[in-house]
Amino acid sequence: MIRVLLVDDQPLLRSGFRALLDLEDDIEVVAEAGDGMEGLALAREHLPDIALVDIEMPVVDGIEATRRIAADPALAGVHVVILTNYGLDEYVFDALRAGAAGFLVKDIVPEDFLHAVRVAARGDALLAPSITRKLISRYVSQPLRTDTCAGLEELTNREREAVALVAHGLSNDQIADHMMISPMTAKTHVNRAMAKLHARDRAQLVVFAYESGLVTPRSR
């Protein structure tokens with residue numbers, strides 16, 4: 001059972017998401033919150049698998065709520081998915097670095113929304129296509145971060161290859177096919193890279209891959 005926390009200051013939207021999720025046999029909405037502070041308290045109380053968090057809220061916004069969840073060892077199993085109206089704004093990059101597992105636009109179709117919740121629950125990076133395209137274009141104009149580049153030295157060649165494939169959007173099974181290894185070995189390479197880079201989830205591996213220059217827009 002996938003346990004979901006809804007955090008959004010618009011009751012109508014929360015009701016819509018809850019009605020959709022409650023129809024699924026493998027998903028349970030454990031709580032709802034109207035602001036980030038309440039969301040943090042409910043996350044600690046219920047320990048959900050997924051926190052669907054609006055990016056703009058009163059009291060504590062989605063970015064700060066994400067940062068606090070990611071920094072709390074007791075909430076290590078909570079995957080934050082940011083909900084946004086715009087597909088991309090100046091907050092997306094800050095939220096990814098804060099520990100968000102991904103982003104969804106609020107006008108997503110129901111089937112894609114349910115699929116996204118299940119993807120995030122598996123720990124996979126989740127970025128809407130429109131966000132991914134703009135994320136790539138943003139990195140075209142940014143210089144490489146020297147502190148991130150240094151992290152490459154910690155990875156083996158196979159781990160670097162696995163991280164690059166994660167940044168291309170491949171699942172563990174697809175990485176295994178590409179590298180001609182077993183899915184379990186692919187998962188091991190990804191998990192070891194995450195541990196070495198202190199990445200909370202695959203979304204942060206994507207950020208690392210671009211910031212370090214391991215993957216560039218031209219290599220996609």
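All figures in this text were calculated on a predicted structure; none of them were measured in a lab.
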K.L.:
Considering residues at least two apart in sequence or located in another chain, which fulfil the side-chain hydrogen bond (donor to acceptor under 3.5 Å, both in side chains) criterion with T185?
P.N.:
S182
K.L.:
Check whether any side-chain heavy atom of M194 sits under 4.5 Å from a side-chain heavy atom of V163, and report yes or no.
P.N.:
no
K.L.:
Is the shortest heavy-atom distance from the side chain of V7 to the side chain of L83 under 4.5 Å?
P.N.:
no
K.L.:
Just verifying a value: how many Å separate S15 OG and Q10 CD, rounded to the nearest 0.5 Å?
P.N.:
11.0 Å
K.L.:
Just so I know, are the side chains of L40 and R44 near enough to count as touching, which here means a heavy-atom distance under 4.5 Å?
P.N.:
yes
K.L.:
Identify, with sequence neighbours excluded, every residue that meets side-chain contact (heavy atoms from CB on, under 4.5 Å) alongside A70.
P.N.:
R200
K.L.:
Is the closest side-chain heavy-atom distance between T188 and N191 below 4.5 Å?
P.N.:
no
K.L.:
Under a 4.5 Å cut-off applied to non-hydrogen side-chain atoms, are L21 and F113 in contact?
P.N.:
yes
K.L.:
Can you establish whether the number of heavy atoms outside L12 located under 6.0 Å from its atom CG is more than 12?
P.N.:
no
K.L.:
So, do D49 and M1 sit near enough that their side-chain heavy atoms are less than 4.5 Å apart?
P.N.:
no
K.L.:
Report yes or no: does E161 contribute a side-chain atom to a donor-acceptor pair with the main-chain N or O of R158 at less than 3.5 Å?
P.N.:
no
K.L.:
Is any side-chain heavy atom of V30 closer than 4.5 Å to a side-chain heavy atom of R3?
P.N.:
yes
K.L.:
Among all residues two or more places apart in sequence or in another chain, which pass the side-chain contact (heavy atoms from CB on, under 4.5 Å) test with R67?
P.N.:
I63, E64, A98
K.L.:
Among residues two or more places apart or on two chains, list those pairs meeting side-chain hydrogen bond (donor to acceptor under 3.5 Å, both in side chains) that have a residue in residues 24-38.
P.N.:
R14-E32, R18-E32, E24-R118, D26-R118
K.L.:
Enter the distance from I69:CD1 to H79:NE2 here, rounded to the nearest 0.5 Å.
P.N.:
11.5 Å
K.L.:
Could you list the residues that satisfy side-chain contact (heavy atoms from CB on, under 4.5 Å) with P183, not counting sequence neighbours?
P.N.:
D173, A176
K.L.:
Can you name the residues that form a side-chain hydrogen bond (donor to acceptor under 3.5 Å, both in side chains) with K106, not counting sequence neighbours?
P.N.:
D8, D54
